[in-house]
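Here the structure is laid out as structure tokens; the discussion comes afterwards.
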Number of protein chains: 2
Amino acid sequence: MGQSKKLRMQLDPLDRKLLMLLGGNARRTNQSLSDELGIAPSTCLSRMKTLKEAGIIDRFTIDVEPDALGFPLQALISVRLQPGARHLMAKVGEELRHAPEILQFFVLGGAEDFLVHIAAKDTEHIRRFVLDWLSANPAVAGTQTSLVFEHARVGPAV
Amino acid sequence: MGQSKKLRMQLDPLDRKLLMLLGGNARRTNQSLSDELGIAPSTCLSRMKTLKEAGIIDRFTIDVEPDALGFPLQALISVRLQPGARHLMAKVGEELRHAPEILQFFVLGGAEDFLVHIAAKDTEHIRRFVLDWLSANPAVAGTQTSLVFEHARVGPAV
DNA sequence: GTTGAAACAAAACATAA
DNA sequence: TTATGTTTTGTTTCAAC
């Protein structure tokens with residue numbers, strides 16, 4: 001699909017500032033962006049297109065408050081697989097990432113194999129998630145759950 | 001500042017679909033959104049505004065590929081504070097979250113106090129980050145670093 | 001809560017400089 | 001990269017439903 005060229009283009013300060021501005025408000029008009037950058041709208045548009053096509057901008061999206069959606073709790077769950085089940089990593093990962101509670105999914109090197117970030121209605125919901133998706137899987141050796149008290153996504157480090 | 005009303009408004013299927021569409025492309029025109037939703041552009045606009053004002057849409061933003069920015073490595077670092085330093089959590093957190101490498105920042109309950117997600121140029125960069133921002137801080141009792149092999153941010157579960 | 005119409009603003013594209 | 005012109009498309013408001 002029309003993913004990207006995966007070019008490792010190099011960014012000048014203008015590109016970086018553009019990324020910063022879009023990170024702050026991805027719906028700003030091209031004109032307002034070009035004004036702030038001090039460049040012509042056509043230039044700004046072409047920069048934006050290039051960043052998108054190069055895959056540097058992965059997508060224009062929104063940050064949603066999970067608790068406003070009825071999921072006031074968040075948890076991080078680290079998952080260790082059975083030593084003999086490492087070859088199932090891809091499979092377990094695929095299953096997991098389709099759980100509706102999942103916000104993020106990390107595949108790790110180190111003591112843990114996965115880390116999943118979930119949003120949930122309540123603690124019972126978390127417990128059920130761990131049981132249904134993790135503990136029930138014979139490839140899973142163990143899990144550790146931590147409640148998230150605060151979470152900040154920091155803008156693109158540009 | 002003009003944050004939000006933090007109303008716990010309740011969402012109907014239209015709101016949910018709108019969130020989904022915006023999650024997929026936050027720069028879609030209001031018109032194209034309203035077409036897909038089967039409502040008038042003015043209605044769509046007012047829904048979007050309401051979602052923004054209620055804080056359900058936290059912001060319109062972009063996902064940036066960190067490795068396209070020259071940070072091909074990612075790591076998760078969990079941080080434990082000294083037992084007597086828990087009252088410094090807010091302070092340590094404030095310092096940390098301004099480090100340019102930081103992508104995300106979690107405050108946790110459980111064995112660990114923080115988890116930070118960083119992007120870095122190379123392993124030496126990670127090492128220096130841990131030394132400069134964490135180990136050097138007397139409030140920090142210990143850290144544990146894991147490399148991130150894969151990371152997926154899953155769209156808002158709506 | 002939803003709408004269409006109207007007035008306005010911006011996007012898209014080409015082209016030339 | 002920019003400036004400019006043209007055409008098309010989108011935004012926003014608001015009175016009315």
Side-chain angles (χ1 to χ4, degrees), chain A residues 1-65 68-70 156 158, chain B residues 1-64 68-70 155-156 158:
Chain A
M1 282 109 121
Q3 278 269 77
S4 67
K5 286 150 187 207
K6 268 293 130 91
L7 293 181
R8 186 126 306 122
M9 71 182 271
Q10 76 168 46
L11 308 177
D12 67 15
L14 226 50
D15 292 312
R16 290 171 193 281
K17 188 155 184 209
L18 179 53
L19 289 174
M20 199 192 66
L21 296 178
L22 286 170
N25 177 9
R27 276 190 82 82
R28 280 183 71 166
T29 64
N30 183 54
Q31 205 168 98
S32 129
L33 292 165
S34 63
D35 282 353
E36 182 151 351
L37 293 171
I39 58 179
S42 48
T43 310
C44 188
L45 193 65
S46 94
R47 294 285 184 124
M48 210 190 305
K49 216 184 213 158
T50 306
L51 289 169
K52 184 83 214 311
E53 281 168 358
I56 292 178
I57 295 176
D58 188 45
R59 62 169 175 171
F60 298 92
T61 189
I62 53 178
D63 282 350
V64 173
E65 276 297 332
L69 284 170
V158 290
Chain B
M1 281 119 120
Q3 278 270 77
S4 68
K5 288 151 185 205
K6 271 289 127 97
L7 292 182
R8 187 129 301 125
M9 70 181 271
Q10 75 168 46
L11 308 177
D12 67 16
L14 226 49
D15 292 312
R16 292 173 192 279
K17 187 153 183 209
L18 179 53
L19 290 173
M20 200 193 65
L21 295 177
L22 286 170
N25 177 8
R27 274 190 83 80
R28 276 183 74 166
T29 64
N30 183 53
Q31 195 161 205
S32 128
L33 292 165
S34 63
D35 283 353
E36 182 151 353
L37 293 172
I39 57 180
S42 46
T43 310
C44 187
L45 192 66
S46 99
R47 293 286 187 125
M48 211 191 300
K49 216 183 213 160
T50 306
L51 290 168
K52 183 85 215 311
E53 281 167 358
I56 292 178
I57 295 176
D58 188 45
R59 60 170 176 172
F60 299 92
T61 189
I62 53 178
D63 282 351
V64 173
L69 284 169
V158 291

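Letters A, B, ... mirror the listed sequences (proteins, then strands); counts begin at 1.
For the pair Leu45(A) CG and dT9(D) C1', the computed distance is 14 Å after rounding to whole Å. dG1(C) atom P lies 10 Å from atom CG of Asp15(B), rounded to whole Å. Look at CG on Leu33(B): it is 11 Å from P on dG10(D), rounded to the nearest Å. Between the P atom of dT1(D) and the CG atom of Asn30(A) lies a distance of 14 Å, rounded to the nearest Å.
Remark: Asp15(A) engages Arg47(A) in a side chain to side chain donor-acceptor pair (under 3.5 Å) (not counting sequence neighbours). Residues forming a side chain to side chain donor-acceptor pair (under 3.5 Å) with Asp63(A) (at least two apart in sequence, or on another chain): Arg153(A), Arg59(B), Arg153(B). For Gln31(A), the side chain to side chain donor-acceptor pair (under 3.5 Å) criterion is met by no residue, not counting sequence neighbours.
Taking only side-chain atoms of Thr29(A), from C-beta outward, the nucleotide of dC13(C), dA11(C), dT11(D) with the closest atom is dA11(C).
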Which atoms of nucleotides 2-8 of chain D (N or O only) lie under 3.5 Å from a protein N or O atom, and what are those distances?
| residue | atom | partner | partner atom | Å |
| --- | --- | --- | --- | --- |
| dT2(D) | OP2 | Thr43(A) | OG1 | 2.3 |

Just the table, please: protein N/O against nucleotides 15-17 of chain D N/O, every pair under 3.5 Å.
none

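Defining each end axis of the helix from dG1(C)-dC17(D) to dA17(C)-dT1(D) as the rotation carrying four pairs' C1' atoms onto the next four, with five pairs an end, the two axes are found to diverge by 40° to 10 degrees.
Close to dT9(D), at under 4.0 Å from its OP1 or OP2, lies no side-chain N or O of Gln31(B).
Looking at heavy-atom distances under 4.0 Å, Arg27(A) makes contact with sugar-phosphate atoms alone, never a base. Residue-level contact check: Arg47(A) touches the backbone only, with heavy atoms under 4.0 Å from sugar-phosphate atoms and none from bases.
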